[in-house]
Amino acid sequence: MRGEPVSLSAALASFTDLWSPRIVTAVNDYDVRIAKVEGDHVWHVHDHTDEFFLVLEGELTIALRDPDGERAVVLPKGSVFTVPRGTEHKPYAPAGAAILMFEPTGTLTVGDRHDEVPDHVDATTGRALA
């Protein structure tokens with residue numbers, strides 16, 4: 001994983017699972033994860049860390065619930081967004097997308113608190129890239 005270049009397009013082509021991030025590398029104590037996504041994730045909160053998103057393909061929307069109410073942030077290809085720690089959020093991609101996330105190693109994909117996890121969402125700390 002470390003010390004060798006990683007082609008993100010080849011890494012994305014190596015799996016088909018949705019909402020099941022693969023760890024492509026690590027930076028200090030952070031994982032760099034990629035995922036294919038389509039449909040809804042789950043409302044969740046990361047109490048102790050921000051969550052960084054970069055859209056590699058398609059379009060991702062992140063619904064947010066904060067003290068000012070509920071809103072949605074639309075991220076087209078090439079866009080980045082950071083969900084602040086403690087903010088309830090739900091990513092979704094009606095037409096599908098490929099994303100890159102930057103999170104502390106060991107961070108659960110469904111956060112510290114979450115709604116019931118549907119079968120199509122992989123509650124994991126990331127899977128090794130094959």
Side-chain angles (χ1 to χ4, degrees):
M1 185 162 61
R2 289 187 183 197
E4 295 297 324
V6 175
S7 163
L8 293 179
S9 59
L12 284 165
S14 72
F15 64 96
T16 59
D17 300 327
L18 297 174
W19 299 110
S20 182
R22 299 305 194 267
I23 300 168
V24 294
T25 192
V27 179
N28 298 317
D29 56 349
Y30 281 75
D31 289 337
V32 178
R33 304 173 184 177
I34 57 170
K36 293 179 179 181
V37 299
E38 187 172 346
D40 290 348
H41 193 263
V42 62
W43 280 104
H44 65 285
V45 176
H46 299 279
D47 289 324
H48 306 289
T49 186
D50 300 335
E51 187 171 19
F52 172 87
F53 292 90
L54 164 63
V55 179
L56 301 171
E57 298 173 7
E59 183 176 275
L60 179 72
T61 301
I62 303 175
L64 302 160
R65 291 179 180 153
D66 55 33
D68 297 328
E70 195 169 306
R71 66 185 176 109
V73 176
V74 178
L75 304 171
K77 179 180 177 177
S79 296
V80 300
F81 183 75
T82 300
V83 175
R85 72 188 72 202
T87 302
E88 190 176 13
H89 61 288
K90 179 180 81 168
Y92 60 96
I99 60 175
L100 181 143
M101 296 160 291
F102 191 68
E103 299 177 299
T105 299
T107 300
L108 279 171
T109 58
V110 294
D112 301 307
R113 295 178 282 122
H114 52 80
D115 286 349
E116 184 175 334
V117 180
D119 290 339
H120 70 276
V121 173
D122 188 9
T124 179
T125 57
R127 299 195 180 282
L129 190 60

*Ignoring hydrogens and geometry, is there a side-chain-to-backbone donor-acceptor pair from Asp50 to Arg85 under 3.5 Å?*
yes

Note to self: Would you say the ring centers of His46 and His48 fall short of 6.0 Å from each other?
What the structure shows: no

In this structure, OG1 of Thr109 is separated from CZ of Arg127 (nearest 0.5 Å) by 9.0 Å

Between Pro21 and Ala35 the two heavy atoms that sit nearest each other are CA-CB, 3.9 Å

Sorted by chain and number, sequence neighbours left out, side-chain contact (heavy atoms from CB on, under 4.5 Å) with Ser14 holds for Leu129

The complete set of salt bridge (charged side-chain N to carboxylate O under 4.0 Å, His left out) pairs with one or both residues in residues 72-82, sequence neighbours excluded, reads none

Separation between CD (Glu57) and CD1 (Ile34), nearest 0.5 Å, reads 9.5 Å

When rounded to the nearest 0.5 Å, the distance separating OG1 of Thr82 from CG of Leu54 is 10.5 Å

Under 3.5 Å: donor-acceptor pair, side chain of Trp19, backbone of Glu38 = yes

| field | Close side-chain approach of Arg65 to His89, heavy-atom, < 4.5 Å | value | no

Applying side-chain contact (heavy atoms from CB on, under 4.5 Å) to Pro76 and not counting sequence neighbours gives Glu59, Ser79

- Report whether Val32 and Val6 are members of the same hydrophobic cluster (ILVMFWY, side-chain heavy atoms less than 4.5 Å apart, transitive linking). yes

Exercise for review: Flag the pair Val80 / Phe53 as yes when at least one side-chain heavy-atom distance between them is below 4.5 Å, and no otherwise.
Suggested key: no

With sequence neighbours left out, the residues meeting side-chain contact (heavy atoms from CB on, under 4.5 Å) with Val73 are Leu64, Arg71, Leu75, Phe81

For Thr16, the side-chain hydrogen bond (donor to acceptor under 3.5 Å, both in side chains) test, sequence neighbours excluded, returns none

Hey, can you pull the donor-acceptor pairs under 3.5 Å for the side chains in residues 92-106, sequence neighbours left out?
from	atom 1	to	atom 2	distance (Å)
Glu103	OE1	Arg33	NH1	2.8
Thr105	OG1	Asp29	O	3.3
Thr105	OG1	Asp31	OD1	2.9

Sorted by chain and residue number, the salt bridge (Lys or Arg N to Asp or Glu O under 4.0 Å) partners of Lys90 (sequence neighbours excluded) come out as Asp40

Applying side-chain hydrogen bond (donor to acceptor under 3.5 Å, both in side chains) to Ser20 and not counting sequence neighbours gives Arg22, Asp122

- Message: Counting C-beta onward and ignoring hydrogens, is there a side-chain heavy-atom pair between Thr87 and Val45 closer than 4.5 Å?
- Response: no

